Q: 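Can you keep this structure in mind? I'll have questions shortly.
Computed from a prediction, not measured in an experiment: that's the story for all the values here.
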Amino acid sequence: QTAVDVALGRRDGKIVVDVRDRGPGVPEDALPRIFDAFYRVESDRARSSGGVGLGLSIARRAIELTKGTIRARNAQPGLEVEIELPLAKPPVTAAA
């Protein structure tokens, strides 16, 4: 187990959530696929030692539905996942 750092900020009118661990990271050739449904980096993992490869796929779909983006990169050490979400527009209220 490793510690996980989470940072929250604003950039270019968007909310940015940055999540980083200090683990071994992901093989570079696997980075483009980690958001694919049922993809698991370690093909020999048993179901008892991990999920079925849906978590990041579900996260990507939910984020894209809000017009946001999610991307991952190796952070040496660890994996960093950045999520950008548009800021909600304040509700329009009628003048009294």
Q: So, using side chain to side chain contact (heavy atoms under 4.5 Å, CB included) as the criterion, who are the partners of Val4 when residues are at least two apart?
A: Val6, Val19, Asp21
Q: Hey, what do you get for CD1 (Ile63) to CG (Leu56), rounding to the nearest 0.5 Å?
A: 9.0 Å
Q: Who pairs with Glu80 by salt bridge (charged side-chain N to carboxylate O under 4.0 Å, His left out), at least two apart in sequence or on another chain?
A: Arg73
Q: Residues in salt bridge (charged side-chain N to carboxylate O under 4.0 Å, His left out) with Glu82, at least two apart?
A: Arg11, Arg71
Q: Report the distance from atom CG of Leu54 to atom CZ of Arg61, rounding to the nearest 0.5 Å.
A: 14.5 Å
Q: Check for me, please, whether Leu65 and Leu87 land in the same ILVMFWY cluster - side-chain distances under 4.5 Å, paths through other members count.
A: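 Cluster IDs for Leu65 and Leu87 differ.
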Q: Please list, one pair per line, the donor and acceptor atoms closer than 3.5 Å that link side chains of residues 22-38 to other protein atoms, with sequence neighbours excluded.
A:
residue : atom : partner : partner atom : Å
Arg22   : NH2  : Asp5    : OD2          : 2.9
Glu28   : OE2  : Asn74   : ND2          : 2.7

Q: Please report the closest heavy-atom contact between Ile83 and Leu85, naming both atoms and the distance.
A: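 Scanning both residues completely, I find the closest heavy atoms to be CG2-CG, 3.9 Å.
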Q: Between atom OG1 of Thr66 and atom CD1 of Ile15, what is the distance when rounded to the nearest 0.5 Å?
A: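 Result: 11.5 Å between the selected atoms.
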Q: If the condition is salt bridge (charged side-chain N to carboxylate O under 4.0 Å, His left out), which residues does Arg10 pass it with, not counting sequence neighbours?
A: none
Q: Under 3.5 Å, is there a donor-acceptor pair between the side chain of Arg60 and the main chain of Thr69?
A: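 Not confirmed, Arg60 side chain does not pair with Thr69 backbone.
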Q: Of all the heavy-atom pairs spanning Pro86 and Lys14, show the shortest one and how long it is.
A: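 So the two residues come closest at CA-CG, 4.3 Å.
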